[in-house]
Structures are given as structure tokens and as C-alpha cells.
2 protein chains.
Amino acid sequence: MVRLSKKVEYGLIAIRHIATRARGELVTAKEVADAYGIPYEMLAKVLQRLTKAGLVLSVQGVHGGYMLARRPAEIPVSEIISAIEGGNPGIVQCLSDSPEICGVASTCTIKSPLTKVQANIERAFSAMMLSEIV
Amino acid sequence: MVRLSKKVEYGLIAIRHIATRARGELVTAKEVADAYGIPYEMLAKVLQRLTKAGLVLSVQGVHGGYMLARRPAEIPVSEIISAIEGGNPGIVQCLSDSPEICGVASTCTIKSPLTKVQANIERAFSAMMLSEIV
DNA sequence: GGAAACTCCGACTAAAACAGTCCTATTTCA
DNA sequence: TGAAATAGGACTGTTTTAGTCGGAGTTTCC
């Protein structure tokens, strides 16, 4: 029906793992990759995106690693997902950010009803905080 | 965030179009394709799947076409989607029908929390009936 | 009975997205 | 300086998606 990408899956596992640690403690990408059998380079890139989005903080150098930027109760799952996936493509092309290149645009009849469904889905992800999955 | 395929989009447009007609009146795939600028052969295949799933009835022959098998208020959008997309692949591979080939399966920590989110999404689609989008 | 109009069906191709890999900086610390 | 870590670009193979093609089966009309 709907499907999250592997990257999102990995990202959720990783950020949850980080969340289980004491606040301020650093966790390396390698540790997470080893713990769950996730390809290291893939995971590294996912964590970089989470860093860019301001969800986790990174420390470079030999004793570096990642830590949460906020408390788990303040991080909605929806934000994790959109940080990894990039934009916010709608449930249907029509509903995405990008201007209408829908093809059926002018005659599209299902756009407005689907807006409601989309809002429901987003609410489902927004309502769930990281703290709920640790 | 989540995205429906073009086929689903076309299917929704088509079945909605059919639903606007008088009960029992036949609508051809060509009519729908022309009306919305949808590739004919693609739409035909989508309608075939809807037929197989028992959502619409098809009549062959020169004055054939499609009509709804039930009243719009009795057709949930979720059923339309899964009729077109086939199985019901979960929000994450772990949650799909197929037995675990997840890779991280044994150590996967996010599976159970996501089950709730998935249930919410399915509810969002199940709650909306075809009659609500005509 | 034959042609036309339509549905039905499966195989095929092209393009895009996804998952994963590789390689190289850059930063930090011992 | 070298090891360990993040940062990030480029690349490849696989899968999914969108769309096409060709043909077969049905019904209706003449």
C-alpha cells in the first residue's frame, strides 16, 4: 500500500539506537552498522542527512560520533522520515511541492479528496515521537 | 513521504468517473482515457485488475464497457488501491506478507512501533469510501 | 457469416528510483 | 604523523514503474 525506503528504515533503527544511550554520549556509525548488520556506507550517508536536518549532532575526529540534538520526546517520526527522503512528495504527484507536471492536472478529479487522506497519513507520522519507539 | 503509483492514481480517476454515471450504465476505457489524457493501454490494464478484484463489472463486445459492481458507498478506497497494487506490502519490508527476508530481522527494533503507524494508514484509506470522492 | 468495436491478457522496452559500493577528503586526537 | 571518525561525490547493479506492442477472445450489427 505504502512503503518506506530502506534508508528510512535504517535511519529509524539508528536514531532509535542513539536514543537509548545516555544524553550526550557519542555513538559511531560503525557501531550501529555492526549491531544491526546494516551496510556501513549507506548508514553513514543516512546519518549525515539526519545531521544536516538538525536532528542529530555530529562530532568529527577520532573519538567522534553522533548524538541526539533534542530529547526523544521532541522528535516526531515524520521529521526523521522527511529528513532522509528529502522533499515532501505528496501521496500523488499532484500533491507534491513541485508545480503541476501531472499531465492530468487540469482535469484531475481526485486531487482534493486525496488531500484529506494525505493529511491523515502525515498526522499518523507526526503524532508518533521518537520516544515512543525506544 | 509516501506515494501512490500512477496506476493507482489512474484507477481512482477512472472508477470515480464510472461512479458518476447512472447505475448500470456502461463506460468504456477509451472514454475515460480520452477524458483525462491517460494512456489507453495502461488504463485498460488497471480496469482489468479492478474487474478481477470484483470492484467493477465488465461487459465485452461492441457496446461493452465497465460499471460498478457495488454502490460507491460500499467501496472503500483501500480496496481499490490494493486491487491495483497487488499484495499488501507493509510500510517496511518486515511488515509485508512475505516471510522475513529483512536482513536485520533478528535485531530489528522498529518493527513493532511501525505496526501501529501502518494500522493508522490503513485505517485512513479504509475509512474513505468511493462515494466521498465523486 | 463476417467485420467492427470492444474487452482481455501477457510479454516487452525505456526510464527512473533504490540499494549498495568505492574512493577520497577533512577533522580530531594520541 | 597516523589512526579513527565524519563528510560527500561518483559509480554500478537491481528493482520498480510507466508505458508500449501485438494478439486473442466476445459480442453486436449488418
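Each chain gets a letter, A, B and so on, in the order its sequence line appears, and its residues count up from 1.
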Could you state the atom-to-atom distance from [atom1] of [X] to [atom2] of [N] in whole Å?
| X | N | atom1 | atom2 | result |
| --- | --- | --- | --- | --- |
| B:Met42 | D:dA18 | CE | C1' | 5 Å |
| B:Glu31 | C:dT7 | CD | P | 10 Å |
| A:Glu41 | D:dA10 | CD | P | 16 Å |
| A:Ile84 | C:dA17 | CD1 | C1' | 17 Å |
| B:Lys7 | D:dG19 | NZ | P | 10 Å |
| B:Tyr10 | D:dA18 | OH | P | 8 Å |
| A:Leu26 | D:dA4 | CG | P | 17 Å |
| A:Glu85 | C:dA17 | CD | P | 13 Å |

Between A:Thr51 and A:Val62, just flag the one whose closest nucleotide in DNA chain D comes earlier from the 5' side.
A:Val62
One pair to check against side chain to side chain contact (heavy atoms under 4.5 Å, CB included): B:His63 and B:Leu26. What are the steps and the verdict?
CA-CA 8 Å; B:His63 285 127; B:Leu26 290 172; 5.9 Å; no
Kindly say whether, by distance alone, the side chain of A:Lys45 makes a donor-acceptor pair under 3.5 Å with the base of C:dT21?
yes
Under 4.0 Å: is that the gap between some side-chain N or O of A:Ser58 and OP1 or OP2 of D:dA7?
yes
Give a yes/no answer on whether the side chain of A:Tyr40 brings an N or O atom under 4.0 Å of OP1 or OP2 in D:dT6.
yes
Return the nearest nucleotide to the side chain of [X]; candidates are [options].
| X | options | result |
| --- | --- | --- |
| B:Pro39 | C:dT26, C:dA19, D:dG19 | D:dG19 |
| B:Lys6 | C:dT7, D:dG19, D:dT6 | D:dG19 |
| A:His63 | C:dC29, D:dG8, C:dT27 | C:dC29 |

Base, sugar-phosphate alone, or nothing: which one does A:Ala44 contact when heavy atoms must sit under 4.0 Å apart?
nothing
Counting N and O atoms only, with roles assigned by atom type, does the side chain of B:Arg70 sit under 3.5 Å from a partner on the main chain of B:Glu74, one being a donor and the other an acceptor?
yes
In a check of side chain to side chain contact (heavy atoms under 4.5 Å, CB included) between B:Ile75 and each of B:Leu50, B:Leu55, B:Val56, which one passes?
B:Leu55
Hey, are the side chains of A:Arg16 and A:Leu12 touching, using non-hydrogen atoms and a 4.5 Å cut-off?
no
Does A:Arg21 come within less than 4.0 Å of A:Glu31, counting only side-chain N to carboxylate O?
yes
